Amino acid sequence: MALIVQKFGGTSVADPDKIKAVALRVMELSKQGNQMVVVLSAMAGETNRLVDLAHKMQAIPDQREMDVLLSIGEQATVALFAMAVKEAGLDAVSLLGDQVKISTDSMHTKARIKSINADLIKRHLNDGKIVVVAGFQGVSESGDITTLGRGGSDTTAVALAAALAADQCEIFTDVEGVYTTDPNICPSARKIDRITYDEMLELASLGAKVLDIRSVGLAKRYKVPIHVRSTFTNTQGTWVVEEDKIMESMLVSGVTYNKNEARITFSRVPDTPGIASRIFNPISDAGIVVDMIIQNTRAGDMTDMTFTVPKSDYERAMKIMQKIAEDIGAESVTGDTKIAKVSIVGVGMRNHSGIATTMFHILSRENINIMMISTSEIKISCVIEEKYTELAVRALHDAFELDKANLPLEES
Ligand code: ADP
Ligand code: ASP
Ligand code: MG
């Protein structure tokens, strides 16, 4: 008998028939004697619908109330799923984040899990029930409902797998695993059989939303192997695991894109000590995570500063920045939400030169202008106009021949 955690994403539970089909799939394993913990997302599109509703009430929605609202998507699916199981003849119980006690900090809309109490789940499992936990939500110390950030149900699943010392953690989604790039925009994308936590962390941080980055971080820390696979087939998916000797070692392992960032530019800021901290302190105090930052070379006593923030925090960031611009005497502050960040990722880049040049060449060949560049040892990112995202991803995937499998490196 194994304890298995399975998470099903929004497209997997998008309507009543799909919920019933997933329930039957889970029940099969339960009938074979396994203890089943199921984590569910809201139905596809539901969280977006709730976000839109909130914006109809308040230009910048109150973060606490936003979490009360967003948590209802998952509340609906877990209840429906438990009903489907009962109707089909087994017992199930749905649990919300505060019932389980998934304790988080109080950073609304992007809370971090601090601890999980596994007792209630274990009691229900020992009573023979399938336990259905609402993904993406928790409860803060003050008793307020919190959510874990978009895509956060993956994190709920991995955290539960760690807390319960589960034998298996499976993330079911609408594609067959982790690919060299998004298979929905690049037909030649290739499924990766095994990938290390570190490479997956890098892909996820740069936009491969097939796994939420925080779920990968937790999996690495608690050594939880993750199996990412399709809800709609029975084929093996991708294993996200620790590095071992026979893994693929690729120059470039994937191409990612992220359309969820916006760019903010300060023009003509006085170039004096302390300016960067006066700009970025209030942003971090507001819990907004800045990604790329570029400061231009000095022109007279002035300089320009450009950075990116999550699109969901853009309005709040702009409001803060307009005030700062006045305080520090910047000429103007402008924003652009129609951008995308396209990245190539691969540990093999460490020892190779020329990868960045190839990337720039491919983008210029497609007539795509690069607005910002950032590099690290194992990735190169370029910010471009959003409308060229798909073109850029396909061109880069082709140029680095990611459709062709690498030979495994046999190490003795
Ligand atoms: P779920 O609702 O199941 O959590 P998501 O939409 O969050 O599913 O994630 C699955 C989607 O991730 C896929 O449909 C695919 O479009 C996208 N995706 C982006 N990059 C990748 C990648 N490298 N490999 C697989 N899927 C990817
Ligand atoms: N429903 C949430 C979202 O759409 C969480 C999740 O699906 O993982 O972001
Ligand atoms: Mg997801």
Side-chain angles (χ1 to χ4, degrees), residues 6-14 18 22 39-52 66-67 69-78 97 109-111 133-138 146-159 170-193 195 199-216 226 228-232 237-238 240 250 252-260 310 312 340-346 389-390 393-394 396-397 402-403:
Q6 296 193 324
K7 177 257 171 178
F8 295 87
T11 39
S12 310
V13 292
K18 290 210 171 79
V22 170
V39 175
L40 299 182
S41 290
M43 293 186 196
E46 179 63 4
T47 309
N48 287 343
R49 188 182 74 86
L50 296 169
V51 170
D52 290 348
M66 190 67 154
D67 277 351
L69 182 69
L70 293 189
S71 66
I72 67 175
E74 275 70 14
Q75 177 160 348
T77 45
V78 289
T109 74
K110 47 176 94 75
V133 180
F136 175 57
Q137 55 178 257
T146 52
T147 64
L148 308 180
R150 298 306 303 270
S153 297
D154 297 337
T155 303
T156 308
V158 174
E170 300 196 293
I171 304 286
F172 286 85
T173 184
D174 56 359
V175 289
E176 290 199 341
V178 180
Y179 285 69
T180 47
T181 192
D182 186 343
N184 284 326
I185 68 166
C186 182
S188 58
R190 185 173 55 83
K191 187 170 82 188
I192 301 169
D193 292 332
I195 187 167
E199 275 182 299
M200 192 63 231
L201 275 173
E202 204 66 39
L203 290 177
S205 76
L206 294 167
K209 68 168 182 159
V210 62
L211 275 183
D212 181 22
I213 181 163
R214 281 156 63 179
S215 69
V216 187
I226 307 178
V228 183
R229 55 188 304 197
S230 166
T231 306
F232 309 111
T238 300
V240 188
M250 307 188 71
V252 174
S253 53
V255 180
T256 60
Y257 64 93
N258 181 352
K259 295 182 178 179
N260 295 324
S312 55
K341 183 172 71 179
V342 179
S343 312
I344 55 176
V345 182
T389 313
E390 284 76 10
V393 168
R394 283 188 212 120
L396 291 167
H397 194 268
L402 294 183
D403 54 326

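Counting convention: from 1, in listed order, for ligands and their atoms alike. Note that this is a predicted model, so its numbers are computed, not measured. For reference, positions follow the sequence shown, starting with 1.
Checked against a 3.5 angstrom limit, the closest N/O atoms of Glu74 and ligand 2 fall inside it. Considering both main-chain and side-chain atoms, Gly151 comes within under 3.5 Å of ligand 2 through a nitrogen or oxygen pair.
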task = Test side chain to side chain contact (heavy atoms under 4.5 Å, CB included) on Met200 and Val210 and set out the steps.
result = CA-CA 10 Å; Met200 192 63 231; Val210 62; 4.1 Å; yes
task = Evaluate the side chain to side chain contact (heavy atoms under 4.5 Å, CB included) criterion for residues Ser12 and Lys7: first the C-alpha distance (whole Å), next the side-chain angles of each, then the deciding distance (0.1 Å), finally the verdict.
result = CA-CA 10 Å; Ser12 310; Lys7 177 257 171 178; over 6 Å; no
request  = Just do the side chain to side chain contact (heavy atoms under 4.5 Å, CB included) check on Val51 and Met66 with the steps written out, would you?
outcome  = CA-CA 8 Å; Val51 170; Met66 190 67 154; 4.0 Å; yes
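Across all their heavy atoms, Thr47 and Ala42 have their closest contact at OG1-CB, 3.6 Å. Looking at every heavy atom in both residues, Thr109 comes nearest to Asp67 through N-OD2, 2.9 Å.
Of the candidates Gly45, Ser153, Ser215, Ser153 brings a heavy atom nearest to atom 6 (C) of ligand 2.
Atoms of ligand 2 found under 4.0 Å from any heavy atom of Ser41 (numbered from 1 in listed order, with element): 6 (C), 7 (O), 8 (O). Applying the 4.0 Å criterion to heavy atoms of Gly152 picks out, from ligand 2, the atoms 5 (C), 8 (O). Using a 4.0 Å cut-off to heavy atoms of Arg150, the atoms of ligand 2 that qualify are 3 (C), 4 (O), 9 (O).
When the ring-ring contact (aromatic ring centres under 6.0 Å, His included) test is applied to Phe172, the partners found at least two apart in sequence or on another chain are Phe8. Contacts of Lys209 classified as salt bridge (Lys or Arg N to Asp or Glu O under 4.0 Å), with partners at least two apart in sequence or in another chain: none. Listed by chain and number, the residues in a salt bridge (Lys or Arg N to Asp or Glu O under 4.0 Å) with Arg229 are Glu170 (sequence neighbours excluded).
Within the 4.0 Å heavy-atom criterion, neither part of Glu46 lies near ligand 2.
Rounding to the nearest 0.5 angstrom, the gap separating the OG1 atom in Thr238 from the OH atom in Tyr179 is 7.5 Å.
Each of Lys7, Gly9, Gly10, Phe172, Thr173, Asp174, Val175, Gly177, Val178, Tyr179, Thr181, Asp182, Pro183, Asn184, Ala208, Lys209, Val210 has a non-hydrogen atom positioned under 4.0 Å from some atom of ligand 1.
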